[in-house]
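Single-structure report; data block below.
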Amino acid sequence: MVMSGEKAGDGNGNGSVAGAVGEGARGQEPGQGEPAAPPRVSLRERKKQLTYRAISDAAIAMFLERGFDKVSVAEVAAAADISKPTLFRYFPAKEDLALHRFADHEDEAARVVGGREPGESPLDALRRHFLAGLDRRDPVTGLCDVPQVLAFHRLLYGTPALVARLYAYQGRSEAALARALGGGVTARLAAGQVIAVLRILAEENWRRIDAGESADTVYAGAVQAAEEAFVQLRRGLEAEERG
């Protein structure tokens with residue numbers, strides 16, 4: 001649990017839930033306003049990432065055109081000019097072909113917490129990050145009316161197998177955030193609530209846009225809902241601490 005004056009991983013996991021997202025030292029050197037630079041990616045790894053993206057893009061194009069259930073893995077492999085066994089080395093399940101673009105966001109909340117500003121609490125950092133996402137119309141916030149994004153979201157939320165798989169991705173997001181908060185049961189409880197709030201906010205934004213509203217029209221209400229959600233989240237965590 002990340003408590004005031006501690007770094008993630010230094011605690012024993014017995015801190016409060018509110019402390020997990022309300023206080024705590026940052027996981028970087030004092031005085032640095034930016035998180036440490038990510039490690040350099042090798043040429044081999046870059047090529048692997050490009051292959052992942054190329055296969056996923058080919059699959060998504062076919063899914064959007066014909067529907068997820070009407071496209072076979074063999075057809076995707078043929079479109080990507082690879083064998084079916086090779087495809088499965090990159091994507092263990094058909095659902096992962098559509099959800100690959102979510103993989104980069106699995107540890108996003110954890111990265112936000114780890115790279116927060118000096119003196120900034122984890123919860124404040126997550127709030128700031130989500131509001132910034134709304135401002136730039138990040139598809140992850142649900143506040144994006146770009147036609148291609150709308151089509152992908154309709155594919156996602158209209159396919160039960162993809163929705164089920166998405167919950168698995170969100171489970172890994174929760175686990176990563178819990179680790180960033182220091183680990184332990186109380187950190188897991190806090191992480192579960194945070195990830196649930198982010199999911200519900202994004203789904204509500206998407207629901208309104210899917211009903212015909214523009215992102216610009218939804219924006220003010222989305223910001224208000226986010227502010228209220230983080231206030232409620234903070235109060236709930238503090239109530240659990242008192243309990």
Side-chain angles (χ1 to χ4, degrees), residues 1-39 41 101-136 138-143 166-203 205 222-223 225-241:
M1 187 62 53
V2 181
M3 300 296 290
S4 181
E6 298 174 352
K7 290 184 179 180
D10 290 342
N12 58 13
N14 295 323
S16 68
V17 176
V21 294
E23 300 178 355
R26 299 170 64 251
Q28 63 184 65
E29 294 299 324
Q32 293 180 334
E34 298 292 336
V41 179
R101 59 186 57 185
F102 282 92
D104 291 340
H105 298 282
E106 277 191 16
D107 63 346
E108 184 169 314
R111 285 187 278 111
V112 169
V113 168
R116 64 192 186 274
E117 298 294 332
E120 185 177 38
S121 74
L123 192 59
D124 286 338
L126 291 164
R127 168 188 167 275
R128 171 176 55 80
H129 181 76
F130 189 80
L131 291 175
L134 292 175
D135 189 57
R136 65 177 181 269
D138 190 330
V140 173
T141 67
L143 191 68
L166 180 60
Y167 277 103
Y169 276 71
Q170 291 171 340
R172 290 194 287 272
S173 296
E174 182 181 314
L177 178 56
R179 290 192 296 271
L181 294 173
V185 174
T186 48
R188 289 174 57 194
L189 289 170
Q193 292 175 69
V194 168
I195 296 301
V197 163
L198 297 178
R199 172 181 59 80
I200 292 169
L201 289 172
E203 288 179 353
N205 293 337
V223 170
E227 294 284 19
E228 292 174 353
F230 275 93
V231 169
Q232 184 176 351
L233 180 60
R234 190 184 304 277
R235 288 174 177 169
L237 295 174
E238 290 173 350
E240 286 192 25
E241 179 184 10

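In this chain, numbering begins with 1 at the start of the sequence shown.
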Could you tell me if the side chain of L131 sits less than 4.5 Å from the side chain of D135, heavy atoms only?
no
To the nearest 0.5 Å, atom CD of Q170 lies from atom CG of L177 at 13.0 Å
Roughly how far apart are L181 CG and L189 CG, rounded to 0.5 Å?
11.0 Å
Here the gap from L198 atom CG to H129 atom NE2, rounded to the nearest 0.5 Å, amounts to 8.5 Å
Return the set of residues passing side chain to side chain contact (heavy atoms under 4.5 Å, CB included) with Q232 (not counting sequence neighbours), or none when no residue passes.
none
Identify the two heavy atoms, one from G133 and one from T141, that lie closest to each other, and give their separation to 0.1 Å.
C-CG2, 3.7 Å
Mind checking the CG-CZ spacing from D124 to R234? Nearest 0.5 Å is all I need.
4.5 Å
So which atom in I195 and which in E174 form the shortest heavy-atom distance, rounded to 0.1 Å?
CG1-CA, 3.8 Å
With sequence neighbours left out, what residues match E106 under salt bridge (Lys or Arg N to Asp or Glu O under 4.0 Å)?
R172
Can you tell me how far apart CD (E120) and CG (L126) are? Round to the nearest 0.5 Å.
8.5 Å
Non-hydrogen atoms of V112 and A125 that approach each other most closely
CG1-O, 3.5 Å
Once you round to the nearest 0.5 Å, how far does CZ of F230 lie from CZ of R128?
11.0 Å
Evaluate N205 against L134 for side-chain contact (heavy atoms from CB on, under 4.5 Å), listing each step before the verdict.
CA-CA 10 Å; N205 293 337; L134 292 175; 3.6 Å; yes
Kindly write out the residues that satisfy salt bridge (Lys or Arg N to Asp or Glu O under 4.0 Å) with E203, not counting sequence neighbours, or none if the list is empty.
R199
So, for A191 and A178, which heavy atoms are closest and what is the spacing to 0.1 Å?
CB-N, 3.6 Å
